[in-house]
Amino acid sequence: MAVGPRATIGVFDSGVGGVSVLRELRGLLAGERLVYIADSAHVPYGTKPHAFIQDRSTTLSRLLIEQYGAAVVLVACNTATTHAVDHLRQTFPLVPFVGMEPGIKPAAAATRSGVVGVLATSATLAGGRFASLVQRTAEGVDVLTQACVGLVEQVEAGDLDGPKTRAILERCLHPMLSRGADTIVLGCTHYPFLRPTIQAMVGPDVTLVDTAGAVARQTLRLLGVPDGDSREGVGTHGPVQFLTSGEPEVVRDVLERLWGEAVPDVGRIAP
Ligand code: DGL
């Protein structure tokens, strides 16, 4: 499916985490419009049951497609992908969906010690999809997982390197580092915002892996844009509309900081 430069890309996450993918997408666009929903009234997803995550993902996708005209939907959330992307593809068969999975494959290729650590939400790690991903892509590699309870809330609060954020990270990182992990997967879209803090804690010899860039490129491919795109105006996005089910003013502050551009207005959707 080839679509014009003003196509709308719909993106959602439980909160502001998906902006880490939006940042990567930004540089690849040539005028496409972006609509981003932060489901802040329900963040975090990572401790919620399967049916709840699937229901919210369906509601948000319907909104993006039917009210905002999204030509493609980017599920900028590992947790929602695990629990909902198959259902979304069945429910909206005419719209391509891009999902996110922890970068186990690139991490397995990068490790020298043969030990890879994965930071993600409880719901991502508990899904059968994660077990199958490890089985398919990390043969012979020791994959150590850690559910980082409370970390998403820290990013939502804009606390990227304070004492509480560091304490949660310390608790999550220590067990994998002490068992020899030299490569750590940031398996939740909120975590790339913590990359400088994490890198400083683990040191320069540990490789951090996230899939935001690869997922952004895949989104463009699904829009019919070839790899190595040289369209006129690459690097300029069209209008960006931010929406939230939470408090627009609160969300706007943190969005602006993470997106790095002025966000004049955040719209409100029903919680
Ligand atoms: N950012 C999401 C993810 O990639 C969800 C985090 C959460 O709400 O628990 O998993």
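All values below were derived from every heavy atom in this structure, side-chain atoms included, with hydrogens, water molecules and symmetry-related copies excluded. Along the sequence shown, residues carry numbers from 1. Ligands are counted one by one from 1 in listed order, and the atoms in each one are counted from 1 as well.
Between E170 and R166 there is no salt bridge, since none of the side-chain N atoms of the basic residue sits less than 4.0 Å from a carboxylate O of the acidic one. We find that R268 and E247 are joined by a salt bridge, their nearest charged nitrogen and carboxylate oxygen being less than 4.0 Å apart. A salt bridge links E261 with R26: the distance from a Lys NZ or Arg NE/NH1/NH2 to an Asp or Glu carboxylate oxygen falls below 4.0 Å. Residues R129 and D86 are paired through a salt bridge, judged by an N-O separation under 4.0 Å between the basic side chain and the carboxylate.
Ring geometry for H237 against W259 counts as tilted: the plane angle lies between 30° and 60°, on a 0 to 90° scale.
Side chain of E156 to backbone of V16: a donor-acceptor contact under 3.5 angstrom is found.
Residue-level proximity to ligand 1 for V152 is carried by the side chain, the only part with a heavy atom below 4.0 angstrom.
In this structure, atom 10 (O) of ligand 1 lies nearest to the protein heavy atom T79 OG1, 2.6 Å. Nearest to atom 7 (C) of ligand 1 among the protein's heavy atoms is Y45 N, 3.3 Å.
Residue T47 places no N or O, backbone or side chain, under 3.5 Å from any N or O of ligand 1. By the 3.5 Å distance cut-off applied to N or O atoms, T121 is not counted among the residues near ligand 1. Considering backbone and side-chain atoms alike, P44 places every N or O at 3.5 Å or more from each N or O of ligand 1.
Residue contact check: D13 has heavy atoms under 4.0 Å from atoms 1 (N), 2 (C), 5 (C) of ligand 1. If you number the atoms of ligand 1 from 1 as listed, the ones under 4.0 Å from a heavy atom of G46 come out as 7 (C), 8 (O), 9 (O). Set against the non-hydrogen atoms of S14, the atoms of ligand 1 under 4.0 Å away are 5 (C), 6 (C), 7 (C), 8 (O).
Here the rule is side chain to side chain donor-acceptor pair (under 3.5 Å) with T121, and of T47, T79, N78 only T79 fits it.
Between C77 and ligand 1 there is a heavy-atom distance shorter than 4.0 Å.
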